[in-house]
Amino acid sequence: MTGEPKIEIADLRKSFGRLDVLRGIGLSVETGGVVALIGPSGSGKSTLLRCLNLLVVPDGGRIRVGDERFSFGSGEKLPPAKRLAAFRAGTGMVFQHFNLFPHMSVLGNVMEGLVTVRRLPKAEAAERARAQLAKVGLADRAGQYPSTLSGGQKQRVAIARALAMEPGVMLFDEVTSALDPELVGEVLGVIRALAAEGMTMVIVTHEIAFARDVANRVVFMRGGIVVEEGPARQVIDAPREDATRTFLSHFHRGGAALAPAGS
Amino acid sequence: MYQWDFGILWSYRWLLLNGLGVTVGFTAAIVAFGLVAGLIAALGMLSRFAVLRLAALGFIEVFRCTPILVQLIWFYYAMPILTGLEMTAVSASIFALSLYGGSFYAEIIRGGIVSIDAGQGEAGAALGMTPGQSMRRIVLPQAVKRMLPALMNQSIIQFKNTSLVSVLAVPDLVYQSQVAAHDSFRPLETYTAVALAYFAILFPLTILVRLGERRLASAA
């Protein structure tokens, strides 16, 4: 992890109407780094993640992902739709509710970006899509439709769909929150494997134990600002700020929620 | 007691069949043009630009809130005087009926599009699709399935609305039946037969719509 960071954010601001959701966020993610965003509901962490691939367009501040730079604020023009689309093609995003395309097979879902956006021939796209499905352990489900899959399988297909575009960074938006507890592990396992491969990732999560285990750095947000940021184990095991302690105490009380897996 | 004599219609069979052909052809044209107009207006209603939204809304409400018979007469008689644009009865009829149908299709199409979860469009955008690609590949294919029964229903109404073009002397089934009735002095047989002809075509279509709705309900 040397050289300049993969992702840099400075003074990022976003309001929805009169509600200030992001109030000057700064953040940087090293190449190959894994950053977990934690914090209470409404803290702005999902909005921050959506700003990272410009699904939400910030009101102010600067974003750099790889070589792509964007500035926002008065006097700045919105990037044209084509440039936005090209930028998003290089950042993978996985959603809480999967958002698989129900009218396409599992294989079709994973091929879709390759065919429509990357303009690959169908055969080549199918081959790459199968490789991604194999990677998330779902090679045998290629011909099925999303409605026949379990939540955990759906989310793994969604991850394969994002990975098929060979993104430079992956963004995960509470990807286990809609899952039954017994299905969380299989999805976290896939993310863990990606971290081991050196994928740069930003993960919004309520799985504190997972964040501690897999992320290099943890960012605690509340009320649209970064309250505390640091190495994962330090922030979670020995937070400096009262607000962080208070938030994490909900998980401590849960007992098992903090038991570090396999250590 | 009235003595029915449907045999008399046999000699008018080619005239009536001809009229039926015009009616079916008209319907095909106004459904096709109407769907195009409706899709454009629906996308206009969903546009980011207020001007387009306003224009689409204006079009939809003007054509939805005035009677089709008045529109037909207006396009054929009033518009040439106001604009100098002359239209044949056929083109005025296709024009008015397509736009009238389009205003209803627009609301059906718009409703179908907004009924698709916003996450679908977001997933498309996150893959790097332009708004147009995501509409074409992701949103519309799902929305069309939901719209289909309502679109069919509206098209059935459009089929019957073509009967109004007879007032502009377009030789559709109703116009030809008027000719036959005047000639044969048998209006009861003629119009009964015409009613049966409309029914025979539309009734199977309504069954198709009902089947479609049932399949949709079980799929959801």
Side-chain angles (χ1 to χ4, degrees), chain A residues 46 49-50 52-57 78 80-104 108-119 125 145-147 154 157-173 178, chain B residues 39-40 42-53 56 108-152 211-220:
Chain A
S46 277
L49 195 76
R50 288 161 162 268
L52 273 177
N53 72 347
L54 302 182
L55 271 187
V56 171
V57 179
L78 264 182
K82 280 240 154 97
R83 189 179 164 213
L84 274 183
F87 168 66
R88 291 192 190 116
T91 58
M93 176 126 185
V94 185
F95 300 88
Q96 179 176 357
H97 296 288
F98 331 125
N99 299 0
L100 292 181
F101 307 133
H103 59 303
M104 298 178 187
N109 267 273
V110 184
M111 285 170 62
E112 182 56 29
L114 296 173
V115 173
T116 302
V117 178
R118 295 266 192 252
R119 306 267 175 216
Y145 277 79
S147 59
K154 283 181 190 168
V157 173
I159 293 173
R161 178 175 69 178
L163 287 176
M165 301 296 284
E166 297 177 344
V169 303
M170 283 287 283
L171 310 172
F172 293 88
D173 189 7
Chain B
L39 181 63
I40 292 170
L43 294 176
M45 288 287 284
L46 297 169
S47 167
R48 298 186 282 139
F49 303 107
V51 188
L52 290 181
R53 286 202 302 273
I108 296 169
I109 294 171
R110 188 190 64 83
I113 289 173
V114 300
S115 79
I116 300 300
D117 175 36
Q120 290 290 310
E122 283 188 347
L127 281 178
M129 291 187 190
T130 61
Q133 285 173 332
S134 136
M135 181 61 73
R136 219 176 50 245
R137 297 283 307 165
I138 308 300
V139 178
L140 273 184
Q142 297 180 57
V144 163
K145 242 188 252 172
R146 294 191 194 177
M147 302 169 196
L148 222 48
L151 289 177
M152 283 285 283
L211 283 178
E213 275 171 352
R214 201 172 304 158
R215 260 186 54 186
L216 208 69
S218 63

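Naming: A, B, ... by sequence-line order, numbering from 1 per chain.
For the atom pair B:Met129 CE and A:Glu112 CD, the distance stands at 4.0 Å (nearest 0.5 Å). Atom CZ of B:Arg137 is separated from atom OG1 of A:Thr116 by 4.0 Å, given to the nearest 0.5 angstrom. B:Arg48 CZ to A:Leu78 CG: the interatomic distance, rounded to the nearest 0.5 Å, is 7.5 Å. Between the NE2 atom in A:His103 and the NZ atom in B:Lys145 there is a gap of 8.0 Å [rounded to 0.5 Å]. To the nearest 0.5 angstrom, A:Asn109 atom CG is 7.5 Å from B:Ile138 atom CD1.
Of the atoms belonging to A:Arg118, not a single heavy atom falls under 4.5 Å from chain B. With a 4.5 Å cut-off on non-hydrogen atoms, A:Phe101 touches chain B through its backbone and its side chain both. Neither the backbone nor the side chain of A:Ser147 comes within contact range of chain B, judged by heavy atoms closer than 4.5 Å.
Heavy-atom minimum distance, A:Leu100 versus B:Gln120: O-NE2, 2.7 Å. Taking all atoms of both residues into account, the shortest heavy-atom contact from B:Ala123 to A:Asn99 is CB-O, 3.5 Å. Scanning all heavy atoms of the two residues, the minimum distance from A:Asn53 to B:Ala126 falls at ND2-CB, 4.1 Å.
In terms of non-hydrogen atom pairs under 4.5 Å with chain B, the most contact-rich of A:Pro102, A:Gly113, A:Ala81 is A:Pro102.
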